[in-house]
Q: 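This is the structure I have questions about; it appears just below.
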Amino acid sequence: MKLVIFDCDGTIVDSQHIIFAAMAAAFTAHGLVVPARETVLAIVGLSLVEAVERLLPGGDPGLIQRVTQSYRDAFGTLRQDPAHNEPLFPGARETLEHLARRGDVVLGVATGKSRRGVDRLFEREGLGDLFRTIQTADAHPSKPHPSMIQVAMAEVGALAERTVMVGDTTFDIEMALGAGAAAIGVTWGYHPPDALVAAGAHGLVEEYAHLVETVDRLLAAREEGA
């Protein structure tokens, strides 16, 4: 059995616009200078508190908590606005459904989103039944700690050499390597391809159409070398 674990923001769903808008609103609410867009997108994938800590290095813990809550509030409000829709990336639905139908594959999620956020997204898109294991920031240390992947493997009984993480950030790649799993970087997300390679990605894909064959080739090579 192969376990294919997906990141969410930047990998399955294009959430960059609502994430930046919510963070800008949170910083503005506390009279803080709004970070540059690329700076905000660079921390997508981390748990929310750690993300805000990185945007406010050396910041007062109380301020960090207040900005974090303001982000949650702003995100919840913006989600109601159709202008801040989080669309699936092209080919995501078809690829996920194809993999879920295969008898030799189970799917998982490992994300810095909250479980509530994942459930809302999957309910909206009708994707929830595709995933056997869902790991979120609520129950784990922030990426790149390997806890999410370790627990996902334990839940479905998968071996590390038959597990691959698919993500768009160096945090995803480092998390996978820390758990002994393979790592595939997607180039349509929030960290540049050269950073994914430098972090140790075993492969890159430029579109969902190439993902399945990359997963199969990578895991077959790992089994042969085991």
Side-chain angles (χ1 to χ4, degrees), residues 1-19 22 41 44-48 72 75-76 78-140 143 147-149 151-158 162-169 171-173 175-176 181-190 205-216 219:
M1 179 188 65
K2 302 171 184 176
L3 171 59
V4 185
I5 305 174
F6 287 82
D7 170 54
C8 196
D9 293 316
T11 301
I12 295 176
V13 62
D14 187 0
S15 51
Q16 60 177 308
H17 304 301
I18 190 172
I19 288 173
L41 295 182
V44 174
L46 296 173
S47 297
L48 181 55
R72 292 192 179 105
F75 195 96
L78 291 168
R79 184 187 286 117
Q80 310 306 315
D81 183 352
H84 290 284
N85 182 38
E86 301 171 89
L88 298 182
F89 283 104
R93 181 186 304 279
E94 295 80 3
T95 300
L96 292 170
E97 291 176 346
H98 170 79
L99 286 169
R101 287 194 298 266
R102 285 179 42 170
D104 64 332
V105 172
V106 295
L107 298 184
V109 167
T111 176
K113 274 185 176 297
S114 67
R115 181 59 190 253
R116 184 179 180 185
V118 172
D119 288 345
R120 281 176 173 161
L121 172 65
F122 286 176
E123 180 180 0
R124 186 193 80 193
E125 298 293 341
L127 297 176
D129 291 341
L130 303 182
F131 297 95
R132 183 85 62 84
T133 177
I134 297 176
Q135 308 300 324
T136 68
D138 306 271
H140 296 276
K143 298 176 183 179
S147 173
M148 291 192 204
I149 293 183
V151 172
M153 291 190 298
E155 282 191 356
V156 304
R162 294 179 65 81
T163 298
V164 59
M165 175 72 198
V166 180
D168 70 300
T169 70
F171 313 128
D172 298 314
I173 306 304
M175 176 176 64
I184 294 174
V186 302
T187 63
W188 54 79
Y190 306 148
V205 293
E206 296 182 353
E207 55 183 314
Y208 264 105
H210 299 149
L211 181 61
V212 173
E213 64 176 310
T214 303
V215 167
D216 287 338
L219 291 183

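Both backbone and side-chain heavy atoms feed into the values below; hydrogens, waters and symmetry mates do not. This is a predicted model, so every value here is computed, not measured.
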Q: Less than 4.5 Å apart, side chain to side chain, heavy atoms only: is that true for Arg102 and Asp216?
A: yes
Q: Just checking Glu123: does its CD atom have more than 12 heavy atoms from other residues, nucleotides or ligands closer to it than 6.0 angstrom?
A: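 Not buried by this count: 12 neighbours or fewer within 6.0 Å.
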Q: Mind listing the closest non-hydrogen atom pair of Leu219 and Ala182 along with its distance?
A: CD2-CB, 4.4 Å
Q: Can you name the salt bridge (Lys or Arg N to Asp or Glu O under 4.0 Å) partners of Arg79, sequence neighbours left out?
A: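 Partners of Arg79 under the salt bridge (Lys or Arg N to Asp or Glu O under 4.0 Å) test: none.
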Q: Can you find a heavy atom in the side chain of Arg132 that is under 4.5 Å from one in the side chain of Glu155?
A: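 No; the side chains remain at least 4.5 Å from each other.
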Q: So Phe131 and Phe6, would you call those rings parallel, tilted or perpendicular, with 30° and 60° as cut-offs?
A: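 Correct class here is perpendicular.
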Q: For Phe171, which residues count as a ring pair (Phe, Tyr, Trp, His ring centres under 6.0 Å) partner, sequence neighbours excluded?
A: His191
Q: Among Val186, Val13, Thr95, Asp14, which residue satisfies the side chain to side chain contact (heavy atoms under 4.5 Å, CB included) criterion with Phe89?
A: Asp14
Q: Return the set of residues passing side chain to side chain donor-acceptor pair (under 3.5 Å) with Asp168 (not counting sequence neighbours), or none when no residue passes.
A: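 Checked Asp168 against side chain to side chain donor-acceptor pair (under 3.5 Å); matches are Thr11.
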Q: Check the pair Asp138 / Ser114 against side-chain contact (heavy atoms from CB on, under 4.5 Å), numbers first and verdict last.
A: CA-CA 6 Å; Asp138 306 271; Ser114 67; 3.7 Å; yes
Q: CG of Leu48 to CZ of Phe75: how many Å apart, nearest 0.5 Å?
A: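 Answer rounded to 0.5 Å: 10.0 Å.
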Q: Taking all atoms of both residues into account, what is the closest heavy-atom pair of Glu86 and Ser15, and its distance?
A: OE1-CB, 3.3 Å
Q: Roughly how far, to the nearest 0.5 Å, is the CG atom of Leu41 from the NE2 atom of His17?
A: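 If I round to the nearest 0.5 Å, the distance is 9.0 Å.
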Q: List the residues meeting salt bridge (Lys or Arg N to Asp or Glu O under 4.0 Å) with Arg120, not counting sequence neighbours, and say none if there are none.
A: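 Salt bridge (Lys or Arg N to Asp or Glu O under 4.0 Å) list for Arg120, sorted by chain: empty.
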Q: Given side chains that start at C-beta, do those of Val205 and Trp188 come closer than 4.5 Å, heavy atoms only?
A: yes
Q: Quick check: do Leu3 and Met153 have side-chain heavy atoms less than 4.5 Å from each other?
A: yes
Q: Could you go through the side-chain contact (heavy atoms from CB on, under 4.5 Å) check for Ile134 and Phe122 one step at a time?
A: CA-CA 11 Å; Ile134 297 176; Phe122 286 176; 4.1 Å; yes
Q: Between CE of Met165 and CD1 of Ile184, what distance do you get to the nearest 0.5 Å?
A: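 Going from CE on Met165 over to CD1 on Ile184, the span is 10.5 Å.
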Q: Kindly indicate whether the side chain of His140, heavy atoms from C-beta on, has any atom under 4.5 Å from the side chain of Val151.
A: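 Counting from C-beta outward, His140 and Val151 do come under 4.5 Å.
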Q: CG of Asp81: more than 12 outside heavy atoms within 6.0 angstrom?
A: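 Yes, because the 6.0 Å sphere around CG of Asp81 holds more than 12 heavy atoms from other groups.
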Q: Quick one: side-chain contact (heavy atoms from CB on, under 4.5 Å) partners of Asp119, sequence neighbours excluded?
A: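 Testing Asp119 for side-chain contact (heavy atoms from CB on, under 4.5 Å), a comparison that skips the adjacent residues, returns Arg115.
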Q: In Å and rounded to the nearest 0.5 Å, what is the CG to NE2 distance from Leu130 to His98?
A: 12.5 Å
Q: Restricting to non-hydrogen atoms, name the atom on Ala181 and the atom on Thr163 that form the minimum distance, rounded to 0.1 Å.
A: CB-O, 3.5 Å
Q: If you measure from CG on Leu107 to CD1 on Ile5, what distance do you get to the nearest 0.5 Å?
A: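 Reported to 0.5 Å precision, the distance equals 10.0 Å.
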Q: Are the side chain of Arg162 and the backbone N or O of Met1 linked by a donor-acceptor pair below 3.5 Å?
A: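 Yes, the answer is positive, given that a donor and an acceptor are paired below the 3.5 Å cut-off.
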Q: Do other residues, nucleotides or ligands put more than 12 heavy atoms under 6.0 Å from the CD atom of Glu206?
A: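 No, CD of Glu206 has 12 or fewer neighbouring heavy atoms, counting only those of other groups under 6.0 Å.
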Q: So do Asp9 and Ile19 actually touch side chain to side chain, heavy atoms under 4.5 Å?
A: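 Touching, per the 4.5 Å side-chain cut-off.
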Q: Once rounded to the nearest 0.5 Å, what's the spacing between atom CD of Gln16 and atom OH of Tyr190?
A: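 Separation between the atoms: 5.0 Å.
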Q: So, Lys113 side chain and Ser47 main chain: donor-acceptor pair closer than 3.5 Å or not?
A: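 Here the side-chain-to-backbone pair does not exist.
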Q: A side-chain contact here means heavy atoms from C-beta on lying under 4.5 Å apart; do Ile12 and Asp7 qualify?
A: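 They are not in contact (no side-chain heavy atoms under 4.5 Å apart), so the answer is no.
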Q: Would you find more than 12 non-hydrogen atoms of other residues, nucleotides or ligands less than 6.0 Å from Arg116 atom CZ?
A: no
Q: Under the criterion side-chain contact (heavy atoms from CB on, under 4.5 Å), I'd like the reasoning laid out for Leu88 against Glu125: C-alpha separation, chi angles, the key distance, then a yes or no.
A: CA-CA 9 Å; Leu88 298 182; Glu125 298 293 341; 3.6 Å; yes
Q: Given side chains that start at C-beta, do those of Thr169 and Ile173 come closer than 4.5 Å, heavy atoms only?
A: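 Not touching, per the 4.5 Å side-chain cut-off.
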Q: More than 12 foreign heavy atoms under 6.0 Å from CZ of Arg93: is that the case here?
A: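 Above 12, so yes.
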Q: Go through it in stages, so that I can follow the logic: the residues are Val109 and Gln135, the test is side-chain contact (heavy atoms from CB on, under 4.5 Å), and I'd like the CA-CA distance, side-chain angles, deciding distance and then a yes or no.
A: CA-CA 6 Å; Val109 167; Gln135 308 300 324; over 6 Å; no
Q: Taking only residues two or more places apart in sequence or in another chain, which ones pass side chain to side chain donor-acceptor pair (under 3.5 Å) with Thr111?
A: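 Thr111: no side chain to side chain donor-acceptor pair (under 3.5 Å) contacts found.
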